[in-house]
Amino acid sequence: EKDKFATLGMMLGGLSHEILNPLSGITGPLEILKLKISSYPELSADDKTQKYIGQIEESLNRLSNIVRNIRLLFYEQQFSEDLLKISSILEETKESVVSHNSEASNSVTYEVKEDFEFIGDSTAVKIVFQNLIANALDSLDGNGRVSVKAARYNDTRLVEISDNGKGIAESDIPKIYEAFYTTKSINSAEGLGLFIVKHMVDRFGWEIEVDSKPGEGTTFKIKIKDPK
């Protein structure tokens, strides 16, 4: 299975490079266009114009996130081995999630029962938790909730990310870590989040488990282990 991830990773790594160049060629002119529009009161006050600009920016952000995640995954750099505190990691993750989804500040609760330490790469670890929290938020309907808990049980350091959203069908669970697999609409997800999580967890030497029932919600459990 790890060989499969590595092979696909090489392909996606090259693809990310091909996407990055034209992406840069769009974002720069878009900023200039926004400045031009702001100098024309009729255009800057036009709801349709602002709506279209917003849609372009949203699509560019999605592409940028895809490229960022692929580059992190598949340019096989060595991860740093720093002493990290779970409370600090989750706090920084929270800030990042809220910056991309303002509703997350009211929908996600954090509970660190014990401020345990572990060895890892800060940037890569935050990517794992960001993807899991974003995935949980996407599953919510209405006033759903996401819970992030961190605790130590004897020698086990555990982070649990739970939601009371749609849940995952039993037949879908074996597929959720596959690249580009998604049960969401084609316009709302690229199907890389859980693939990224699985790949990173394997590289860390950690373990991940999922428990889910349709209509009741989903819990991902990550067991953190120090590198050997």
Side-chain angles (χ1 to χ4, degrees), residues 1-16 19 62 64-81 84 86 89-90 93 96-97 100 108 118-139 146-150 156-163 165-184 186 188-214 217-228:
E1 185 177 7
K2 289 183 179 180
D3 289 342
K4 180 180 70 174
F5 278 119
T7 301
L8 184 55
M10 292 287 288
M11 180 189 71
L12 292 177
L15 182 60
S16 73
I19 294 173
R62 284 187 61 215
S64 296
N65 286 335
I66 293 171
V67 172
R68 179 201 64 188
N69 286 327
I70 289 174
R71 289 172 70 86
L72 176 66
L73 275 170
F74 302 123
Y75 287 101
E76 297 285 332
Q77 77 279 14
Q78 285 294 114
F79 289 135
S80 61
E81 295 186 356
L84 307 175
I86 192 63
I89 290 294
L90 291 179
T93 300
S96 177
V97 170
H100 289 87
V108 185
F118 62 100
I119 303 297
D121 183 293
S122 176
T123 299
V125 170
K126 282 183 284 188
I127 288 291
V128 168
F129 293 139
Q130 286 167 15
N131 274 298
L132 285 173
I133 294 170
N135 187 74
L137 286 167
D138 284 344
S139 75
V146 175
S147 169
V148 182
K149 297 181 180 180
T156 301
R157 289 163 293 181
L158 190 67
V159 176
E160 296 185 10
I161 298 174
S162 304
D163 65 72
K166 301 172 184 175
I168 306 169
E170 186 176 355
S171 59
D172 287 330
I173 287 180
K175 308 172 189 174
I176 61 174
Y177 299 120
E178 294 178 4
F180 304 113
Y181 178 80
T182 180
T183 57
K184 306 167 191 173
I186 193 66
S188 65
E190 64 272 3
L192 281 174
L194 293 180
F195 174 72
I196 289 166
V197 168
K198 174 63 174 171
H199 182 94
M200 301 300 273
V201 165
D202 283 347
R203 286 191 64 188
F204 297 159
W206 297 357
E207 295 179 8
I208 185 168
E209 299 174 359
V210 59
D211 180 29
S212 184
K213 292 183 180 179
T218 302
T219 296
F220 283 93
K221 298 179 181 179
I222 292 187
K223 294 180 182 178
I224 295 176
K225 301 179 179 181
D226 286 335
K228 297 179 180 179

What closest approach, in Å, do [X] and [Y] show between heavy atoms, and which atom pair accounts for it?
X	Y	answer
F195	Y177	CD1-O, 3.2 Å
A169	P214	CA-CG, 3.8 Å
P174	E170	CD-O, 3.4 Å
G217	S212	O-OG, 3.1 Å
K223	E209	NZ-OE2, 3.5 Å
K225	W206	O-NE1, 3.0 Å

Inset, instruction - Have a look at L194 and tell me which of I176, V210, I208 forms a side chain to side chain contact (heavy atoms under 4.5 Å, CB included) with it. - result: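 The residue from I176, V210, I208 that satisfies side chain to side chain contact (heavy atoms under 4.5 Å, CB included) with L194 turns out to be I176.
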Inset, instruction - With R203 as the cation and F79 as the aromatic partner, state whether NZ or CZ is under 6.0 Å from the six-membered ring centre and within 45° of the axis. - result: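 That pair qualifies as a cation-pi contact.
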Legend entry - S96 side chain vs T93 backbone, donor-acceptor pair below 3.5 Å: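 Side chain of S96 to backbone of T93: no pair is present.
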Inset, instruction - Look at the side chain of N135 and the backbone N and O of N131, then say whether any donor-acceptor pair between them is shorter than 3.5 Å. - result: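 Absent.
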Report yes if some heavy atom in the side chain of [X] is under 4.5 Å from a heavy atom in the side chain of [Y]; otherwise report no.
X	Y	value
V97	F129	no
D172	K175	yes
K126	I89	yes

Approximate separation, where rounding is to 0.5 Å, of [X] [atom1] and [Y] [atom2]:
X	Y	atom1	atom2	result
I161	K221	CD1	NZ	13.0 Å
E81	D121	CD	CG	9.5 Å
D138	D163	CG	CG	10.0 Å
L90	K149	CG	NZ	13.5 Å
F220	I168	CZ	CD1	4.5 Å
L132	T219	CG	OG1	11.5 Å

